[in-house]
Amino acid sequence: MNANTPEEKAEPKKTNFIREIIDEDLKTGKWDGRVHTRFPPEPNGYLHIGHAKSIMLNYGIARDYNGKFNLRFDDTNPEKEEQEYVDSIIEDVKWLGADFEGRILFASDYFQQMYDYAVDLIKKGKAYVCDLNADQIREYRGTLTAPGKESPYSNRTVKENLDLFNRMRKGEFANGEKVLRAKIDMASPNVNLRDPIMYRIVHAEHHRTGNDWCIYPTYDWAHGIEDSIENITHSICTLEFENHRPLYDWYLDELGVYHPQQIEFARLNLNYTVMSKRKLLQLVQEAKVDGWDDPRMPTISGLRRRGYTTEAMKNFAEIIGVAKRDAMTDIALLEYAIREDLNKHALRAMAVLKPLKVSLIGYPEDTEEVMDAVNNPEDASAGTRKLVFGKELYIEETDFMEDPPKGFHRLVPGGEVRLRYGYIIKCEEVVKDSEGKVIELKCSYDPESRSGTGTSKKKVKGTIHWVNAKHAVKAEVRLYDRLFTVEDPASEENWLENLNPDSLITVNNALLEPSLADAKPGLNYQFERTGYFCVDKKSFAAGNLVFNRTVTLKDSWTKIIKN
RNA sequence: UGCCCUGUGGUGUAAUUGGCAACACGCCUGACUCUGGAUCAGGAAAGUCUAGGUUCGACCCCUAGCAGGGCAGCCA
């Protein structure tokens, strides 16, 4: 991007409180002009759009300040982490365009260093091995309003602590038998400082280090060290870690090592969905959805499969901004972000979801006319394609009403409408089956009104889409809607009861214009007048042509009739 | 009944750091249109949680409240 048009320069650059901190640091030379951020996911689930916000924030800062951005797995809990998650996360971060320049790092690579640092703290008398069990530790910790009391083991000698810690590492003890704790202040008003646990014994196989370790560092102990080792300047995390910052600082100060600055921001909440990994996992495990990448999921893989683009994710991140107050973002902002991108880039096509047959009175039986159709009115370089017009067509069932409400601009008995890129037709006869259901319309057409000839003097209020009965291809189309019926499902007692039963509606016999027959995953289409769609990657791999609806077009008509 | 953080239109963010509240979404008009899309032109909508105070002047500073969120995993 170097084509700075005057308007672009005039645009006030989007900033936020974190960038202001960085600006200030740059001014004072706090980090010698360096900016180095990181995204530190735990590989215990798939990434969701909230993570995307964090990635865009961290990477965006690194990019804009000519800094660096690391992808680092915070893999300190072998019981919850899996390689599958590592793989999906790497894929998602790459797709989001966050360039970590090959730096895929792992906390587990620092285990030895962390161990050595722990030994340092023990030697300083700042850490001790504690034999209290989990219940006892909780008891000794006190409550939010009452101070805790010292562990009976907090005064062991350095020598004894060193020996015990070494034996913990060698596997002499069972899970839970001992922990290593920092010796800080059992009466601290900040509970995190009441002799926090640094290491716990977990005899479990780690997805990367296998059985090399049976003691694992806790988050607070590990995280600052990870940041320090990687020379991170600004360690950006979410609000719930605010109370942990004193501990982050304490560890690094006691160690006397390079000390990045932790900064917290508010995580993303989106209405009509859930965002916690635990809940998302539950949706997957209980088969409420088709997997982590179900297009209804707020996961990055789900949104990708749904047809969202990297560009849209970026737009969205810019739109919502970054702040410290927790908020509930309206999904309309997300939908705006994707529509804005797709309007500019999606190829237009015609597809009829619920076909209603139309036959043209007087149109020659065996004649076919080829019409030129624009692929994208927003982008001339997308070119044109040919559409074959004929006597037998299908239109959208909802584009005809026998008894229309006021303001209905589409086909009605005796009324006229234009067929997009075709002729103006007039409904002369409504054919019904024995049950009174409309099964076919017989329409006359105005030969003078052929699209593009400019010979038509008529003006009709409506233009509808169609497909040629002879050439249309069948496809399955999946219409997605919000996953939940309530704005904030997570706040409901039985959150799973608020799943939207209509979050997926499968249309089995949609008819598409022939050009769509060889549509491939990865391209976005606009089915004119109905919405944006993409080929479902999973189904395509299985040999089926299935389209996922990414988002509808803005629809002022259904809004009107709903009053 | 402890500590920490946060309160600006319906929603998400701004406010040159003390100078009569701006942008985007959404909503409502109208224009235009061979997509009821897009685009264009307008509009309604907060007086900044409350009450005091400092000041010529407060969203911004001070005090006291109130409201919301977070914290008592050997999770992150």
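Just so it is clear, the model here is predicted, and its values are computed rather than measured. Letters A, B, ... mirror the listed sequences (proteins, then strands); counts begin at 1.
No donor-acceptor distance shorter than 3.5 angstrom exists from the side chain of A:R529 to the backbone of A:M350, with no hydrogens or angles considered.
The base-pairing partner of B:C23, taking Watson-Crick or G-U wobble contacts with both distances under 3.5 Å, is B:G12. For B:A38, there is no paired base (Watson-Crick or G-U wobble, both distances below 3.5 Å). When both pairing distances are held under 3.5 Å, B:G47 makes no Watson-Crick or G-U pair with any nucleotide shown. In a base pair of the Watson-Crick type (N1 to N3 plus N6-O4 or O6-N4) or a G-U wobble (N1-O2 and O6-N3), with each distance short of 3.5 Å, B:C71 is matched with B:G2. Shown here, B:C66 forms a base pair with B:G7; the pair counts as Watson-Crick or G-U wobble because both key distances fall under 3.5 Å.
For the C1' atoms, the distance linking B:U11 with B:C27 amounts to 12 Å, nearest Å. When the P atom is compared between B:C59 and B:A21, the two are found 9 Å apart, to the nearest whole Å. Distance check on atom P: B:A38 versus B:G18 gives 42 Å, rounded to whole Å. Taking atom P on both nucleotides, B:G36 is separated from B:C23 by 31 Å, rounded to a whole Å. B:C60 and B:U17 have their C1' atoms separated by 8 Å, given to the nearest Å. Separating the P atom of B:G53 from that of B:A58 is a span of 12 Å, rounded to the nearest Å. Of the C1' atoms belonging to B:U39 and B:U48, the separation is 34 Å, rounded to the nearest Å. Comparing the P positions of B:C49 and B:U6 gives an interatomic distance of 14 Å, to the nearest angstrom.
As a whole-Å value, the separation of A:L347 CG from B:G37 C1' is 16 Å. Following rounding to the nearest Å, A:R325 (CZ) and B:G7 (P) show an atom-to-atom distance of 6 Å. Separating the NE2 atom of A:H409 from the C1' atom of B:G36 is a distance of 7 Å, rounded to the nearest angstrom. Across the protein-nucleic acid pair, A:R245 atom CZ and B:C5 atom P stand 8 Å apart, rounded to whole Å. Protein atom CG of A:D555 is 15 Å distant from nucleotide atom C1' of B:G26, rounded to whole Å. Between the P atom of B:U6 and the CZ atom of A:R267 lies a distance of 17 Å, rounded to the nearest Å. Residue A:N16 contributes atom CG, which lies 10 Å from atom C1' of B:U13 at whole-angstrom precision. Going from atom CZ of A:F265 over to atom P of B:G70 covers 17 Å, rounded to whole Å.
No contact: A:M350 has no heavy atom under 4.0 Å from any strand. A:G148 comes within contact range of no nucleotide atom at all, as no heavy-atom separation falls under 4.0 Å. Within the 4.0 angstrom heavy-atom criterion, base atoms lie near A:R410. Across all strands shown, A:V460 has no heavy atoms under 4.0 Å from either base or sugar-phosphate atoms. Among the heavy atoms of the strands lying under 4.0 Å from A:R348 is at least one base atom, whether or not backbone atoms are also near. Nucleic acid contact for A:Y423: none, since no nucleic acid atom lies under 4.0 Å from a heavy atom of the residue. Across all strands shown, A:Y216 has no heavy atoms under 4.0 Å from either base or sugar-phosphate atoms. Here A:E335 lies out of heavy-atom contact (under 4.0 Å) with every strand.
Between B:C27, B:G12, B:C5, one nucleotide has an atom nearer to the side chain of A:E242 than all others, and that is B:C5. Of the listed nucleotides (B:U1, B:G37, B:C25), B:C25 has the atom at the smallest distance from the side chain of A:Y336. Side chain of A:R529, nearest nucleotide from B:C5, B:G12, B:G36: B:G36.
Ring centers of A:Y199 and A:F165: under 6.0 Å apart, within the cut-off. Aromatic rings of A:H223 and A:Y219 (six-membered ring for Trp) have centroids within the 6.0 Å cut-off, being under it. Taking the ring centroids of A:Y423 and A:Y445, they lie under the 6.0 Å cut-off. Aromatic ring centres of A:Y216 and A:F111: separated by under 6.0 Å. Ring pair A:F106/A:F73: centre-to-centre distance below 6.0 Å.
Contact annotation: the side chain of A:V374 approaches that of A:Y421 to within less than 4.5 Å [non-hydrogen atoms, C-beta and beyond]. Under the 4.5 Å side-chain criterion, counting only non-hydrogen atoms from C-beta, A:W221 is not in contact with A:T76. Side-chain atoms of A:E448 and A:I424, non-hydrogen and from C-beta on, never get closer than 4.5 Å to each other.
One can find a donor-acceptor pair under 3.5 Å joining the base of B:G37 and the side-chain atoms of A:E378. With hydrogens and angles ignored, no donor-acceptor pair under 3.5 angstrom links the side chain of A:R418 to the base of B:U35.
Classified by its glycosidic torsion, B:U33 falls in the anti category, the angle being over 90° from 0. With a glycosidic angle more than 90° from 0, B:G53 adopts the anti conformation. A syn orientation is assigned to B:G47, its glycosidic angle lying within 90° of 0.
When each of A:E528 and A:T329 is assigned the nucleotide of RNA chain B bearing its nearest heavy atom, the one mapping closer to the 5' terminus is A:T329.
Atoms CG and CD1, from A:L105 and A:I229 in turn, are 10.0 Å apart once rounded to the nearest 0.5 Å.
For B:G37, one of the phosphate oxygens OP1 or OP2 lies less than 4.0 angstrom from a side-chain nitrogen or oxygen of A:S556. Phosphate contact (OP1/OP2 of B:G7, side-chain N/O of A:K324, threshold under 4.0 Å): absent. An OP1 or OP2 oxygen of B:A38 is reached within less than 4.0 angstrom by no side-chain nitrogen or oxygen of A:K344.
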Inset, instruction - Give the B/S/- string for nucleotides 71-76 of chain B, one per nucleotide from 5' to 3', where a protein heavy atom under 4.0 Å of the base yields B, of only the sugar-phosphate yields S, and otherwise -. - result: BBSBSB
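Relative orientation of the A:Y85 and A:Y46 rings is perpendicular, given thresholds of 30° and 60° on the angle between their planes.
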